[in-house]
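Below is one structure; the comments refer to it alone.
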Protein chains: 2
Amino acid sequence: MEKQINIKPTESELEILQILWALGKATVRQVNEELSKTKEVGYTTTLKLMQIMFEKQLVSRTDEGRYHVYEAAVGEEPTQHMLLDKFIGTTFRGSATRMVMQALGNQQVSKEELDEIKKLIDSIEKGQ
Amino acid sequence: MEKQINIKPTESELEILQILWALGKATVRQVNEELSKTKEVGYTTTLKLMQIMFEKQLVSRTDEGRYHVYEAAVGEEPTQHMLLDKFIGTTFRGSATRMVMQALGNQQVSKEELDEIKKLIDSIEKGQ
DNA sequence: ATCAATCTACGAAAATTTTCGTAATAAAAT
DNA sequence: ATTTTATTACGAAAATTTTCGTAGATTGAT
């Protein structure tokens with residue numbers, strides 16, 4: 001079971017979570033190297049953020065030799081779900097439909113993906 | 001035409017924009033009253049925020065008598081679109097499809113809405 | 001053994017966002 | 001006319017988030 005799924009990570013924390021979700025386990029250095037691909041960021045900055053995330057229980061860590069190996073302590077899906085809910089609430093006044101329609105209309109979504117979504121809708125409709 | 005659609009409003013600013021989009025025009029007091037329905041917030045706090053938003057050109061205002069009447073200076077749709085793009089980028093690693101599928105799976109979406117979305121998909125597929 | 005390199009901890013500075021107190025001004029009420 | 005009320009402007013405090021410098025500890029190299 002997920003623990004604290006109510007804690008909303010900040011923007012920077014989310015970036016780090018993304019990396020951890022992708023890598024599974026990672027040291028601060030590894031995370032920092034990933035971050036550096038996108039933007040300028042000092043090692044100690046990343047370290048501090050991950051320490052804060054550890055306090056918030058967003059990540060866990062184990063002592064491996066003399067350094068720490070970090071891991072996300074919150075799941076990707078539950079976190080996305082929570083953020084999505086909040087986002088729909090604040091930006092689309094709670095209407096998931098409005099948001100979906102904008103997303104489909106504005107984003108580049110391939111025919112294959114659209115079909116996939118249609119299938120999903122069908123299965124939901126059958127289910128309820 | 002929209003002006004600065006790149007300025008990302010903060011959370012609080014977005015709340016105010018929502019109210020202005022709903023009301024059209026409004027004074028600081030009106031906006032503050034709307035905000036107060038949801039949360040505790042002082043009048044001068046709202047005022048200050050709206051002044052900052054005026055500087056950022058997120059809102060415009062006209063002198064009506066001795067007070068200001070405010071209006072959103074950015075459109076609801078373009079703003080939502082911009083925020084949605086950023087959100088998909090940071091939270092769903094750029095995949096609109098993944099986000100839509102989560103939204104449809106997790107949120108409460110009625111059959112009517114699902115049908116509406118299906119219709120939209122069909123029309124997009126015909127278009128391209 | 002000494003030096004260099006690497007990692008963590010800690011604290012604080014910097015930047016951003018949010019909140020609010022105070023003063024000035026103008027209108028409205030008494 | 002004086003007082004009360006409502007509005008804006010301004011600045012700064014408070015809170016949150018981000019960044020980074022420094023110190024201490026441990027490993028590895030010379």
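A, B, ... follow the sequence lines: proteins, then strands. Residue 1 opens every chain. Side-chain atoms are counted along with the backbone in the values below, which use heavy atoms only and exclude waters and symmetry mates.
Taking atom OH of B/Tyr67 as the reference point, atom C1' of D/dA6 lies 10 Å away to the nearest angstrom. Remark: P of D/dT8 and NZ of B/Lys48 are 14 Å apart, rounded to the nearest angstrom.
First and last contacts of DNA chain C with chain B, using any nucleotide atom under 4.0 Å from a protein heavy atom and ordered 5' to 3', fall at C/dT17 to C/dA27.
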Stepwise side-chain contact (heavy atoms from CB on, under 4.5 Å) check, B/Leu14 with B/Leu83: CA-CA 10 Å; B/Leu14 186 58; B/Leu83 293 174; 3.9 Å; yes
Full working for side-chain contact (heavy atoms from CB on, under 4.5 Å) between A/Thr45 and A/Lys48: CA-CA 5 Å; A/Thr45 301; A/Lys48 182 65 171 184; 6.0 Å; no
Residue pair A/Arg29, A/Tyr67: steps toward the side-chain contact (heavy atoms from CB on, under 4.5 Å) verdict: CA-CA 10 Å; A/Arg29 180 144 308 277; A/Tyr67 43 78; over 6 Å; no
Working for side-chain contact (heavy atoms from CB on, under 4.5 Å), residues A/Tyr70 and A/Lys25: CA-CA 6 Å; A/Tyr70 287 81; A/Lys25 291 162 181 273; over 6 Å; no
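Contact check on A/Glu13 versus A/Lys8 returns no salt bridge, with no Lys/Arg side-chain nitrogen under 4.0 Å from an Asp/Glu carboxylate oxygen. A/Lys111 and A/Asp115 are joined by a salt bridge, as a carboxylate oxygen and a charged side-chain nitrogen come within less than 4.0 angstrom of each other.
Residue contacts shown for A/Ser12 are limited to sugar-phosphate atoms, with no base heavy atom under 4.0 Å away. Base contact: B/Gln51 has a heavy atom under 4.0 Å from a base atom. Nucleic acid contact for B/Thr10: sugar-phosphate only, since backbone atoms but no base atoms lie under 4.0 Å from a heavy atom of the residue.
In this structure, B/Arg61 does not reach the D/dT7 phosphate: none of its side-chain N or O atoms is under 4.0 Å from OP1 or OP2. For A/Tyr43, no side-chain nitrogen or oxygen approaches OP1 or OP2 of D/dG21 to under 4.0 Å.
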